[in-house]
**Q** 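Structure below; questions to follow.
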Protein chains: 2
Amino acid sequence: MATRMKDIAVDLGVSLMTVSKALRNHSDISEETRERVLKRARELNYEPNWIARSLATRRTYMVGVVIPDLMHSFFAEVAKGIARRLDPLGYQVVISNTDENPAAERRQVDLLVARHIDGLIIATALPNWKLNAHAAFQAGATPYVLVDRMPAGLDANYVGVRDEELGEMATAHLLAQGCRRVAHLRGPATANSTGRLRGYKRALSKAGVDFHAEYVVQAGGGDMSGFTAMQHLLSLPSRPDAVFCYNDPVAAGAIQAVLESGLRVPADVAIIGAGNVHYSDQLRVPLSTIDQSSGLLGEEAAGLLVQCIEAKTPAKPSHILIPPRLIVRESSRRLAQAVMRT
Amino acid sequence: MATRMKDIAVDLGVSLMTVSKALRNHSDISEETRERVLKRARELNYEPNWIARSLATRRTYMVGVVIPDLMHSFFAEVAKGIARRLDPLGYQVVISNTDENPAAERRQVDLLVARHIDGLIIATALPNWKLNAHAAFQAGATPYVLVDRMPAGLDANYVGVRDEELGEMATAHLLAQGCRRVAHLRGPATANSTGRLRGYKRALSKAGVDFHAEYVVQAGGGDMSGFTAMQHLLSLPSRPDAVFCYNDPVAAGAIQAVLESGLRVPADVAIIGAGNVHYSDQLRVPLSTIDQSSGLLGEEAAGLLVQCIEAKTPAKPSHILIPPRLIVRESSRRLAQAVMRT
DNA sequence: TGTAGTAACTATAGCGATAAAGTGACTGAG
DNA sequence: CTCAGTCACTTTATCGCTATAGTTACTACA
């Protein structure tokens, strides 16, 4: 069996507590004894049993991460960012997948809270964070931070991208390419999607281009929805010459729809997405996108969460917003100077 | 604070053990008392404290999963398969990323074992599983299962694909398209890569095509390595007209190299990969590939692991091999009948 | 009628740590 | 010389649960 503190204690003829304190650099122990304990611990290959420790301290040094889709490289990158930040601090990251399913999300959150994780980072699939959405949070005060997705009507710790700025940046880029019939495939009814839509409108108005309601079509978030939504746009009497898509998967679906209809990207329809998922540059038409610094997002979320965990008193929710970055590739490049601009 | 068994016990005027047994459906308890306990537990919203339980039972119901790259959708899918199988059994899955780095892998495995996980599933980044590779396994007898990657010189529980069959299938397909100068971008020096290479050779010999050593080039495993390795192949005096790539990322890199050199895929060079990663059909040229049933792989590995965990006596290692499946897309389709063949 | 046997609980010890309070030997100020 | 004040430990009490060994009543059988 593994060595326990007691073994070291008996071995050294001291009390168990002396060992415990020595190992944790407690001030109560003489330099000499500490050395003896540390030495023997190393020799016996002692490893603290964190289960016992957790029971006594009520800390598990585990952090839960709940994301809608592991397969979406954006979230995988967020998760890696989180781990990168938390690993050196001794936290173990536990990732759960919800497949964009609110019920699954609730279940996973409950499971993690029941596991007594110290904190939670969530990219939620819930469009609005109704009271009672996550029962676990009412009772236990497990600290949590939201990333990327900001559900409507909630004030919580949040780390995300400036959505309005993102929408404006993407749209302005398309306008700068000379496109005038710029459409938008918007996402689900979340604060993010609404923010991006606002940015889209603002860019149009700044450029003095009229807003046409039929140019804004709802797409879910996956490539299939992008495909069908794009088909709809293509069927309009006055077909758009550019589309700002809610995210990269939607954009990938949109490109497919355009190509299948016999039109060209970007010559006939310029397209830009958002998220800069890692295969975007290998698509049939390398995809222009707005980078959301997914790794950084994760790191910031982790940092904020640790703050909350270690704070004695629960501070009021804070928001960290990261600026978007335009990445121009082939799918939206119509003018030579566009290359320069980036 | 959360309700404890003791609260229920006092509340009901029975002993703590009665509650404990009742909640675990122990035979020792009368139907009537059990009902009373269950009812009160529900009312008080009791949730067992698994940390305490773990301390007493020496089981955590956590399973570690160590993979080389979360961003690679193949592994993300394996992880999802594992979770799909383990979740209903009450296990929590803890995923760790190693970035293909052997040292990181060792560290992650140690961390997980120190966490007292019940078992481990590893897609290793170690080419050969030297003695002492994972110190954790010498001492503690944490059961583990390897997936996908089979390091050389080891007999352990393993779940993977029939590599030789995979290599033969891919190569035979390219030959069937009429290609005769079929090259192979092989992976690192692992049993998998070697198996695929054997399959490649066998297909050639079965078709009566001579084997040319210069047609086999080492590529790491990522798209960059595929890109440079392909450039090398293109510079050969007798340039290949088809390439079987170790995996999809390598194939994606290879396609890029071919296109950049001004040649066409598949007209000038047909390409096939392996793994069927989820964006393969959205690449510049939709990629033919060999599907490895990644989700199934994960499920099987999880099933095998649970068997090991629950076995009283450690059984001898078993191997589960899954047959590969050919998926023909544009990157290798030269003949009309190829469409029929699939 | 006495002895087993069973059903249904209860009591006692841990699991491997930590927190908080206690103890004895010195030290030093008044 | 005395008494409070450190220093360096040791003791005791949990943390919340489980395993194992009692402990009562009853029931049953010869």
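The sequence lines fix the lettering, A, B, ..., with proteins before strands; numbering per chain opens at 1. What you see is a predicted model; the values in this text were computed from it and never measured.
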**Q** Taking any atom closer than 4.0 angstrom to a non-hydrogen atom of chain A, what span of DNA chain D does the protein reach, first nucleotide to last?
**A** D/dA8 to D/dG16
**Q** In chain order, what residues pass the side-chain hydrogen bond (donor to acceptor under 3.5 Å, both in side chains) check against B/Ser20, with sequence neighbours excluded?
**A** B/Arg24
**Q** Residues in salt bridge (charged side-chain N to carboxylate O under 4.0 Å, His left out) with A/Glu299, at least two apart?
**A** A/Arg84
**Q** Is it true that a side-chain atom of A/Asn97 and a backbone atom of A/Leu70 form a donor plus acceptor pair closer than 3.5 Å?
**A** yes
**Q** How is A/Thr33 classified with respect to the nucleic acid when contacts are heavy atoms under 4.0 Å: base, sugar-phosphate, or nothing?
**A** sugar-phosphate
**Q** Write down the atom of B/His116, the atom of B/Thr60, and the distance for their closest heavy-atom approach.
**A** O-OG1, 2.8 Å
**Q** Nearest 0.5 Å, please: how far is CD1 in B/Ile82 from CG in B/Asp87?
**A** 13.0 Å
**Q** Which angle, rounded to 10°, do you find between the first-five-pair axis and the last-five-pair axis of the helix from C/dT1-D/dA30 to C/dG30-D/dC1?
**A** 60°
**Q** Should the pair B/Arg40-B/Glu43 be classified as a salt bridge under the 4.0 Å nitrogen-to-oxygen rule?
**A** yes
**Q** In the 5'-to-3' direction, what one-character label does each nucleotide of nucleotides 16-26 of chain C receive under the scheme B = base within less than 4.0 Å of a protein heavy atom, S = sugar-phosphate only, - = no such atom?
**A** BBBBBB-----
**Q** How would you list, by chain and number, every residue that makes a ring-ring contact (aromatic ring centres under 6.0 Å, His included) with B/Phe75, sequence neighbours excluded?
**A** B/His72
**Q** Spell out, as yes or no, whether a donor-acceptor pair under 3.5 Å connects the side chain of A/Ser96 to the backbone of A/Gln108.
**A** no
**Q** Surrounding CD of A/Glu100 (heavy atoms of other residues, nucleotides or ligands, distance under 6.0 Å), is the total greater than 12?
**A** yes
**Q** Below 4.0 angstrom, N of the basic side chain to O of the carboxylate: do A/Asp110 and A/Arg107 qualify?
**A** no
**Q** Pick base, sugar-phosphate or nothing for A/Ser30, based on heavy-atom distances below 4.0 Å to the nucleic acid.
**A** sugar-phosphate
